[in-house]
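Remarks on the structure that follows.
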There are 2 protein chains.
Amino acid sequence: MSDKSAKPHPIEPRKAPRQARSNATVDAILEAAAHILREEGLVPFTTNAVAQRAGASIGSLYQYFPGKDAILTELIRRKRQTMLDAIRLAARETRSRPFAEAVDRLIAAGIAHQLDDPQVSRALEYAESTLPLHTETHELKMAIVAEVSATFAARGFSEPEIAAHDVVALTRGMIDTAGLYGETDASSLTDRVRRAVTGYLKTAPKVSRT
Amino acid sequence: MSDKSAKPHPIEPRKAPRQARSNATVDAILEAAAHILREEGLVPFTTNAVAQRAGASIGSLYQYFPGKDAILTELIRRKRQTMLDAIRLAARETRSRPFAEAVDRLIAAGIAHQLDDPQVSRALEYAESTLPLHTETHELKMAIVAEVSATFAARGFSEPEIAAHDVVALTRGMIDTAGLYGETDASSLTDRVRRAVTGYLKTAPKVSRT
DNA sequence: TTAAAATGTGACGGATTGCTCATATTTTGA
DNA sequence: TCAAAATATGAGCAATCCGTCACATTTTAA
């Protein structure tokens, strides 16, 4: 009856490390966090466990993070930034290359993001849905769609945003499934994803040349 | 140092209810479990919370389930059975219908499964990855692929398993993303998924008619 | 009717988790 | 050099959570 449901755990970091030593501590904490997510998952992911694994004291941990959710948030933000950078790089480096190559590079960026550390990715993915990060999530998706969309628009597709949205979604689906099955052959996966994307794009409307 | 990582929580139900009363209790527990997953997620999902919400005592709960994981497992199994039934029905009812209609029906079954109760679906999806259910997961995927594959084979595709695998994966990706965005317009989603599937299938090899 | 089986109850003990705080150590900057 | 700022420590408390167990109630079936 009471609002037990709302658990507004703080998300933002407490204070930024100012010295090299504390910087190392924060890094160690984040690495330990990723390690636990990778090896044991979200359930045994506790502040005490993270601190211990990081070789730091709980006190130190709480100096920089107000709780486990803040650690997860930081992990998510870093991973996202990495992927977005890769996608932007791929898009920009293939501006004047053949379309097929541009598509390949974008797919490769997405695959790298998910296939690298799939356990951690999956855990963070679910964690994200329980965190108040929806605004950021939306912004990220928008940024990704914007990049892909620009690439499509430059090649004459008339509804680049929709195409980008759907291409990203179906690519994600295939990549996730592959990760689930423990597929490690990126080239085979790339090949099949390319076929799906290409097939889909053939049905997408193009700007009519009058 | 010790193997704290392995937490082999029991998964199988303890005993089956024999009377109508206990049957109702088990149902209430499962409904309460779904409710908590839907409203609060995996973190506040505790045995005590489930029992309280179900209007049963913890003692009763532990009479039928050895722990929270067993409840999640049962939830997953029931949901899966429902979806598989729907897919089989769709496949069988469209055996002698136009191919486009068969594809639509299969897509609709998948969409219904995910768009109905997306919060619960997401929670169960992550939970599944932490449970020793991989064998069952694989069997389910095989069963689904088998149905879709049979449909494809009957229409002359020469690599129906691969096509089915990829179509299921990309469909899942689009549906999941839609669920994430809170899309509720099933018709729009169906339309876009159909375009993706159709586009992909156009690149799939067909049996050559000699 | 009645004994056995099935079912339901919830207080509670042991274990875990989140997190603080008083205190110790290191680094900085003047 | 040395006081202030930054950083690190970990015992320990409050708040859960899990899960059992002794006992009460209901249902079954002979």
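Basis for what follows: all heavy atoms, side chains included, without hydrogens, waters or symmetry-related copies. Residue numbers begin at 1 in each chain, while the letters A, B, ... track the order of the sequences.
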Contact check, side chains of A:Phe45 and A:Lys68, non-hydrogen atoms, under 4.5 Å: yes
CD-CZ distance between B:Glu128 and B:Arg77, expressed to the nearest 0.5 angstrom: 11.5 Å
Protein proximity profile, nucleotides 25-30 of chain C - base contact B, sugar-phosphate-only contact S, no contact -, cut-off 4.0 Å on heavy atoms: -SSS--
Whole-Å distance separating the CZ atom of B:Phe45 from the P atom of D:dT16: 19 Å
Minimal non-hydrogen separation, A:Tyr200 against B:Arg192, with atom names: CE1-O, 4.5 Å
Interatomic distance, A:Phe65 CZ vs D:dA8 C1' [rounded to whole Å]: 15 Å
Minimal non-hydrogen separation, A:Leu201 against A:Ala163, with atom names: CD2-CB, 4.4 Å
Contact under 4.0 Å: A:Ser22 side-chain N or O vs D:dA6 OP1/OP2: no
A:Gln19 and A:Asn23: side chain donor to acceptor below 3.5 Å: no
Closest non-hydrogen atom pair between A:Glu125 and B:Arg122, with its separation: O-NH2, 3.5 Å
Under-4.0 Å side-chain N/O to phosphate OP1/OP2 contact, B:Thr25 with C:dG8: yes
DNA chain D-proximal residues of residues 46-64 of chain A, any heavy atom under 4.0 Å: A:Ala56, A:Ser57, A:Ile58, A:Gly59, A:Ser60, A:Gln63, A:Tyr64
Whole angstrom value for the distance that separates C1' of C:dT16 from CD of A:Glu40: 14 Å
Distance-only side-chain donor-acceptor flag, B:Thr25 / B:Ser22, under 3.5 Å: no
Distance-only side-chain donor-acceptor flag, A:Thr46 / A:Asn48, under 3.5 Å: no
Value in whole Å for how far the P atom of C:dG8 lies from CZ of B:Arg18: 13 Å
Modelled atom types, side-chain donor and acceptor of A:Thr151 and A:Arg95, under 3.5 Å: no
Separation of atom CD1 in A:Ile29 from atom C1' in C:dC19, rounded to whole Å: 14 Å
Side-chain H-bond candidate by donor/acceptor type, A:Ser57 with A:Ser60, under 3.5 Å: yes
Minimum side-chain heavy-atom gap A:Leu106-A:Val167 below 4.5 Å: no
DNA chain D contacts among residues 70-77 of chain B, heavy-atom distance under 4.0 Å: none
